[in-house]
Trainee: 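I'd like to ask some things about the structure below.
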Amino acid sequence: MIDLDAVTRLRQEMVEVSRQIFTRGLTSATSGNTSARVPGHPEQILIKATGKSFGDVEPEDFILVDLEGNILAGQGKPSKEIRFHLGILKARPEVQAVVHGHSAYATAYVTARGELPVVTAAAEAGLNKIGIVDYAPPGSVELAEMVIKAFADLTLKAAVLKRHGFVTVGENIHRAFYLADVLEDNAKVAFLLSQLG
């Protein structure tokens, strides 16, 4: 059964957070996607539709699916990264939301160095560690499997995908966004430290 009020409220929250993600430069154009469990209905997930920009999403740009990816309500096609969103949510019942973006510093640092050290106090407190996922084509089964495997570590809250972007998880969509912001800030500081020697 679909709780229309809960879905409507969550759609509005996801619009607000998506626009913040875009404003903060954590993704560009139509790239990136978010998902979140409907409060009180952990088996129902809202996920961004494919081809929609975080900068101008509307409530109807989030599609209601079940944990198997079946569409329950909404128009359009779910994000091509739906496999790893649902895989993380299945494997981690405590996770309520997933954010995937294409931030420049985290992506560049990990692609160049193969790692991303935790260098800021905020990252140490909020993330503790950062997972690294090797490259596989966006939207592929291979990529989804690698991301899901990384987040099988129950303590992991953030991972960077080589040549691609990042994934963060949280107890709500706001927290997952905040951790994405902390992750990118940490990457900027790591980059500056590497330049300063």
Side-chain angles (χ1 to χ4, degrees), residues 1-22 24 26-103 133 136-151 156-159 161 164-180:
M1 187 172 162
I2 298 171
D3 182 340
L4 290 175
D5 288 341
V7 170
T8 298
R9 284 193 300 273
L10 182 58
R11 276 192 167 123
Q12 193 54 52
E13 269 189 89
M14 292 182 78
V15 165
E16 291 165 11
V17 170
S18 296
R19 291 178 179 172
Q20 288 179 287
I21 289 168
F22 194 81
R24 291 292 293 155
L26 298 175
T27 202
S28 61
T30 60
S31 64
N33 28 74
T34 52
S35 64
R37 297 184 200 267
V38 176
H41 302 272
E43 72 293 345
Q44 294 177 9
I45 314 297
L46 278 175
I47 186 164
K48 186 175 81 73
T50 192
K52 301 292 182 176
S53 170
F54 277 158
D56 52 22
V57 286
E58 296 295 342
E60 60 270 19
D61 294 325
F62 294 91
I63 299 168
L64 187 67
V65 299
D66 64 18
L67 281 169
E68 301 308 315
N70 300 303
I71 296 175
L72 305 176
Q75 301 294 314
K77 186 178 175 188
S79 165
K80 69 180 176 183
E81 304 296 7
I82 190 172
R83 289 187 191 93
F84 73 61
H85 281 264
L86 297 182
I88 292 169
L89 291 166
K90 280 185 196 176
R92 301 274 298 271
E94 84 286 4
V95 168
Q96 300 298 307
V98 179
V99 169
H100 167 52
H102 296 184
S103 63
V133 176
S140 67
V141 172
E142 183 186 2
L143 177 64
E145 287 173 348
M146 291 193 295
V147 172
I148 294 163
K149 183 178 179 184
F151 281 95
L156 192 68
K157 297 175 189 171
L161 289 50
H164 187 158
F166 69 85
V167 178
T168 54
V169 301
E171 59 264 29
N172 56 56
I173 192 66
H174 299 279
R175 185 69 181 151
F177 157 57
Y178 298 152
L179 291 178

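For the numbers below, each heavy atom of this structure counts, side chains included, while hydrogens, waters and symmetry mates do not.
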Trainee: What's the spacing between Ile82 CD1 and Ile71 CD1 if we round to 0.5 Å?
Mentor: 7.5 Å
Trainee: Check this for me: Gln75, atom CD, are more than 12 non-hydrogen atoms of other residues, nucleotides or ligands nearer than 6.0 Å?
Mentor: no
Trainee: Can you see which heavy atom on Pro93 is nearest to which on Arg37, and at what distance?
Mentor: CA-NH2, 3.6 Å
Trainee: Can you name the residues that form a side chain to side chain donor-acceptor pair (under 3.5 Å) with Thr34, not counting sequence neighbours?
Mentor: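 Thr34 satisfies side chain to side chain donor-acceptor pair (under 3.5 Å) with no residue once adjacent residues are dropped.
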Trainee: For the CZ atom on Arg19, are there more than 12 heavy atoms of other groups (residues, nucleotides or ligands in this structure) within a distance under 6.0 Å?
Mentor: yes
Trainee: Going by atom type alone, with no hydrogens or angles, which donor-acceptor pairs under 3.5 Å involve a side-chain atom of residues 142-150 and a protein atom two or more places apart or on another chain?
Mentor:
none

Trainee: If you take all heavy atoms of Leu86 and Leu67, which pair is closest and at what distance?
Mentor: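 Closest approach of Leu86 to Leu67: CD1-O, 3.7 Å.
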Trainee: Can you measure from CG (Asn70) to CG (Leu64) and round to the nearest 0.5 angstrom?
Mentor: 11.0 Å
Trainee: Could you tell me which residues satisfy ring-ring contact (aromatic ring centres under 6.0 Å, His included) with His85, sequence neighbours excluded, listed by chain and number?
Mentor: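 In terms of ring-ring contact (aromatic ring centres under 6.0 Å, His included), with neighbours along the sequence ignored, His85 is linked to no residue.
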Trainee: I'd like to know if the side chain of Ser53 and the backbone of Ala29 have a donor-acceptor N/O pair within less than 3.5 Å.
Mentor: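 Checked: pair present.
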Trainee: Could you tabulate the donor-acceptor pairs under 3.5 Å formed by side-chain atoms of residues 41-52, not counting sequence neighbours?
Mentor:
residue : atom : partner : partner atom : Å
Gln44   : NE2  : Met1    : O            : 3.0
Lys48   : NZ   : Gly32   : O            : 3.2
Lys48   : NZ   : Lys52   : O            : 2.4

Trainee: To the nearest 0.5 Å, what is the distance between CZ on Phe84 and OG on Ser35?
Mentor: 8.5 Å
Trainee: Does anything in residues 77-90 pair up under salt bridge (charged side-chain N to carboxylate O under 4.0 Å, His left out), and if so which pairs, sequence neighbours excluded?
Mentor: Glu68-Lys90
Trainee: Can you check whether Val133 reaches Val167 side chain to side chain, under 4.5 Å on heavy atoms?
Mentor: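 Answer no - side chains too far apart.
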Trainee: Between CD1 of Ile88 and CZ of Phe151, what distance do you get to the nearest 0.5 Å?
Mentor: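 Output value for this atom pair is 5.0 Å.
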Trainee: In Å, rounded to the nearest 0.5 Å, how long is the span from CD1 of Ile21 to CD1 of Ile173?
Mentor: 6.0 Å
Trainee: Under a 3.5 Å distance rule, please check whether Arg175 uses its side chain to pair with a backbone N or O of Gly170 as donor and acceptor.
Mentor: no
Trainee: What are the two closest heavy atoms between Ala97 and Ala176, and how far apart are they?
Mentor: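 Reported closest heavy-atom pair: O-CB, 4.0 Å.
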Trainee: Are any of the side-chain heavy atoms of Phe177 and Leu26 separated by less than 4.5 Å?
Mentor: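 Phe177 vs Leu26: side chains touch.
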Trainee: Looking only at non-hydrogen atoms, find the nearest pair between Ala36 and Leu10 and report the distance.
Mentor: O-CD2, 3.8 Å
Trainee: Phe62 versus Val15: any side-chain heavy-atom pair under 4.5 Å?
Mentor: yes
Trainee: Could you list the residues that satisfy salt bridge (Lys or Arg N to Asp or Glu O under 4.0 Å) with Arg9, not counting sequence neighbours?
Mentor: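 Listed in chain order: nothing, the list is empty.
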Trainee: Roughly how far, to the nearest 0.5 Å, is the CZ atom of Arg11 from the CD1 atom of Ile63?
Mentor: 8.5 Å
Trainee: Taking all non-hydrogen atoms of both residues, which atom of Pro78 and which atom of Val65 are closest, and how far apart?
Mentor: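 The pair with the smallest heavy-atom distance is CG-CG1, 4.2 Å.
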Trainee: Under 4.5 Å between any side-chain heavy atoms of Val99 and Phe166, yes or no?
Mentor: yes
